[in-house]
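Worth knowing before you read on, the calculation uses all heavy atoms, side chains too, and leaves out hydrogens, waters and symmetry mates. The shown structure was predicted, so the numbers you read here are calculated from the model rather than taken from an experiment.
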Amino acid sequence: MRARNLALVLGEVNSRGPVTRAALAEITGLTKTTVSKLVADLIDAGLVVETGAVRDGERGRPGVVVRVSGEHVASVGLEINVDYLAVRVVDLSRTVRLRRTQAVDNRFAQPGDVVALLRDLALKAVDDAVDMGLRVVGGVLAVPGPVDQRTGTVHNAPNLGWREVPVAALLELPFPVQVENEANLAALGELWFGSGLSDFLHVSGEIGIGAGLVVRGSLFQGSHGYAGELGHVVVSPDGPACRCGGRGCLEQYAGQDALAAATGLAGTDVQATTTGNGSRAAAAAGGGAQAATGGTTAGDISRIVARLQAQDPAALAACERAGWALGVALSSAINLVDPDTIVLGGIYGPLFPWIGEAVTATLTSRLGQMRDAVPPVVVSRLGTEAAALGAAGQVIQRVIADPAALLQT
């Protein structure tokens with residue numbers, strides 16, 4: 001009963017913002033004495049804080065306002081992507097306290113080397129968080145592929161060259177870490193840190209392309225957690241071969257590598273040198289790659305944007321084709337799941353001025369006879385950090401749902 005009531009009180013403070021104890025008693029139906037004891041326990045745990053007195057009416061003593069505290073408890077969002085590693089430390093008030101991003105080519109690198117490099121990045125961030133007075137209570141790792149959430153095993157991440165990799169077992173950190181799909185976490189990042197829409201399909205555009213569906217404020221994952229592989233929806237059966245083993249997948253038209261190749265930029269990235277055991281990640285670790293403060297770590301997109309601004313014909317044609325392909329794939333998704341809004345994230349933010357019209361035109365031509373209007377297509381403001389933020393946010397949601405578990409540790 002106490003655990004349930006703690007969750008009830010913290011949940012109301014979290015959802016309503018600063019609120020008095022008297023108002024909490026009225027909202028929850030608990031007695032004022034019970035609410036005072038519960039609030040005292042949450043204060044002791046560093047989950048809420050009292051910030052000042054307010055007067056609800058003309059009479060009576062002022063009430064003390066209670067709000068979620070961002071000064072003590074924090075979570076870590078981790079991400080392994082094809083061309084970077086990322087760490088985000090977020091406090092309980094959902095304020096991002098630390099950002100660490102390291103550029104590294106993880107294509108076909110040894111999983112153990114990639115995870116070791118991420119561990120070092122995470123531990124340094126945690127040390128910095130501790131210096132801020134924060135207690136990191138858990139983490140979630142985003143990876144670009146389907147994940148068995150029971151075991152933390154990556155089933156297949158074709159852009160990394162990983163199959164059946166037990167990532168959770170390889171990652172050793174001083175707090176529990178769960179492994180989940182990058183696209184799903186990016187959708188949750190948009191829900192909790194971005195637009196706040198409650199019904200949308202979020203598309204993560206990077207080297208790979210994934211999608212996460214949010215319905216009534218909750219993530220839809222499918223029976224086995226493998227929903228959202230939009231990048232491997234076939235848009236042209238006779239199209240180019242894909243790393244997944246198929247042909248004509250969306251990634252071959254609208255992924256970062258495909259856009260770079262079509263624009264004439266393939267091979268211009270600075271790649272980490274391959275070591276004797278084939279590990280680019282290990283080479284990057286020894287090369288002193290610098291941490292960045294967010295955004296995509298590959299230079300392809302900025303160079304593509306520069307060419308687009310210069311009206312380069314190859315770049316314009318590549319984006320036109322990418323917008324068409326994205327529209328084809330999304331039209332199938334819309335027919336299947338009927339989302340209220342399409343949110344484009346990752347590389348599609350900076351590219352939207354050149355792909356948005358083609359996406360909308362394709363959707364309209366393919367769906368116009370089936371519905372009065374196609375869902376609006378908007379751009380996420382989170383860029384490429386949506387997945388890491390969603391990962392950190394998931395830990396925060398667990399604390400809010402079960403603060404008693406934290407009080408016992």
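- Val87 has its side chain within reach of Leu118: a pair of non-hydrogen atoms, C-beta onward, lies under 4.5 Å apart.
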Inset, instruction - Show your working on side-chain hydrogen bond (donor to acceptor under 3.5 Å, both in side chains) between Thr34 and Thr31 and close with a plain yes or no. - result: CA-CA 5 Å; Thr34 299; Thr31 67; 2.8 Å; yes
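- Taking each heavy atom of Ala262 and Ala314 in turn, the nearest pair found is O-CB, 3.9 Å.
- Neither side chain, Arg67 nor Ser93, offers a donor N or O lying under 3.5 Å from an acceptor on the other.
- Legend: salt bridge (Lys or Arg N to Asp or Glu O under 4.0 Å) pairs involving residues 163-177, not counting sequence neighbours: none detected.
- Donor-acceptor pairing under 3.5 Å is lacking for the side chains of Glu182 and Asn81.
- Screening residues 36-45 for salt bridge (Lys or Arg N to Asp or Glu O under 4.0 Å) gives Arg2-Asp41 as the qualifying pairs, with residues at least two apart or on separate chains.
- Take Leu170 and apply the side-chain contact (heavy atoms from CB on, under 4.5 Å) test, not counting sequence neighbours, and it matches Pro111, Val115, Val165.
- No donor-acceptor pair under 3.5 Å is formed between the side chain of Asp83 and the backbone N or O of Val104.
- Nearest approach of Leu363 to Val374, heavy atoms of both residues: O-CG1, 3.7 Å.
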Which donor-acceptor pairs under 3.5 Å do the side chains of residues 336-359 make with protein atoms, sequence neighbours left out?
unit_1, atom_1, unit_2, atom_2, d
Asp338, OD1, Arg371, NH1, 3.1
Tyr348, OH, Ala254, O, 2.8

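- To the nearest 0.5 angstrom, Leu78 atom CG is 6.5 Å from Leu171 atom CG.
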Legend entry - Trace of the side chain to side chain contact (heavy atoms under 4.5 Å, CB included) decision for Leu406 with Arg135: CA-CA 11 Å; Leu406 193 61; Arg135 174 192 174 195; 3.9 Å; yes
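- Residues Leu219 and Leu213 are not in side-chain contact: their nearest non-hydrogen atoms beyond the backbone lie 4.5 Å or more apart.
- Listed by chain and number, the residues in a salt bridge (Lys or Arg N to Asp or Glu O under 4.0 Å) with Asp199 amount to none (sequence neighbours excluded).
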Can you give each donor-acceptor pair under 3.5 Å made by side-chain atoms of residues 232-250, sequence neighbours left out, with the distance rounded to 0.1 Å?
unit_1, atom_1, unit_2, atom_2, d
Arg243, NH1, Asn159, OD1, 2.8
Arg243, NH2, Asp257, OD2, 3.3
Arg247, NE, Gly239, O, 3.1
Arg247, NH2, Gly239, O, 3.3

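- Between Leu47 and Val68 the shortest side-chain heavy-atom distance does not fall below 4.5 Å.
- Between Thr263 and Leu308, the closest side-chain pair of non-hydrogen atoms is not below 4.5 Å.
- A distance-only check finds a donor-acceptor pair linking the side chain of Asp91 to the backbone of Thr95 [under 3.5 Å].
- From Asn106, atom CG reaches atom CG of Leu117 across 7.5 Å, with rounding to the nearest 0.5 Å.
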Side-chain atoms of residues 386-398: list all donor-acceptor pairs with protein atoms under 3.5 Å, sequence neighbours left out, distances to 0.1 Å.
unit_1, atom_1, unit_2, atom_2, d
Gln394, OE1, Arg398, NH2, 3.3
Gln394, NE2, Glu180, OE1, 3.4
Gln397, OE1, Arg94, NH2, 2.1
Arg398, NH1, Gln178, OE1, 3.4
Arg398, NH2, Gln178, OE1, 2.5

Legend entry - side chain to side chain contact (heavy atoms under 4.5 Å, CB included) between Leu230 and Leu330, intermediate numbers included: CA-CA 8 Å; Leu230 187 70; Leu330 286 173; 4.0 Å; yes
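- In terms of the side-chain contact (heavy atoms from CB on, under 4.5 Å) criterion, residue partners of Ala7 (sequence neighbours excluded) are, by chain and number, Pro403.
- Using a 4.5 Å heavy-atom cutoff, the side chains of Phe193 and Leu188 are not in contact.
- With rounding to the nearest 0.5 angstrom, the CD1 atom of Ile43 is 10.0 Å from the NE2 atom of His72.
- Formation of a donor-acceptor pair under 3.5 Å by the Ser380 side chain with backbone atoms of Leu382 is found in this model.
- Interatomic distance, Trp162 CH2 to Phe108 CZ, rounded to the nearest 0.5 Å: 12.0 Å.
- When side chains are defined from C-beta on, Val9 counts as touching Val39, because their heavy atoms get closer than 4.5 Å.
- Every residue meeting the side-chain contact (heavy atoms from CB on, under 4.5 Å) condition with Arg366, not counting sequence neighbours, appears here in chain and number order: Val328, Ser331, Thr362.
- Closest of all the heavy-atom pairs between Ala129 and Val136 is CB-CG2, 4.2 Å.
- The shortest non-hydrogen separation linking Val82 to Arg107 is CG1-CG, 3.5 Å.
- Side-chain contact check for Ser195 and Glu190: at least one donor-acceptor pair (N or O, by modelled atom type) lies under 3.5 Å.
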Inset, instruction - Given side chain to side chain contact (heavy atoms under 4.5 Å, CB included), test Val177 with Val140 step by step and report yes or no. - result: CA-CA 5 Å; Val177 177; Val140 171; 5.8 Å; no
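- Screening residues 373-383 for salt bridge (Lys or Arg N to Asp or Glu O under 4.0 Å), with sequence neighbours left out, gives no hits.
- Between Arg21 and Glu50 there is a salt bridge, since a side-chain N of the basic residue sits under 4.0 Å from a carboxylate O of the acidic one.
- In this structure the side chain of Leu407 reaches within 4.5 angstrom of the side chain of Leu6, judged on heavy atoms.
- Leu123 approaches Pro174 most closely through the heavy-atom pair CD2-CD, 3.8 Å.
- The closest side-chain heavy-atom distance from Val179 to Gln149 is not below 4.5 Å.
- Using a cut-off of 4.0 Å between Lys/Arg side-chain N and Asp/Glu carboxylate O, Arg100 and Asp128 are scored as salt-bridged.
- Listed by chain and residue number, nothing satisfies the salt bridge (Lys or Arg N to Asp or Glu O under 4.0 Å) test with Arg307 (two or more places apart in sequence, or in another chain).
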Inset, instruction - Would you sort out whether Glu79 and Leu85 count as a side chain to side chain contact (heavy atoms under 4.5 Å, CB included), showing the intermediate values? - result: CA-CA 6 Å; Glu79 183 179 4; Leu85 302 173; over 6 Å; no
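- The CG atom of Leu92 sits 8.0 Å away from atom OG of Ser75, with the distance rounded to the nearest 0.5 Å.
- Shown here are the side-chain contact (heavy atoms from CB on, under 4.5 Å) partners of Ala258, two or more places apart in sequence or in another chain: there are none.
- Rounding to the nearest 0.5 angstrom, the gap separating the SG atom in Cys319 from the CD1 atom in Ile304 is 6.5 Å.
- Contact between Val89 and Ala74 at its shortest, heavy atoms only, is CG1-CB, 4.0 Å.
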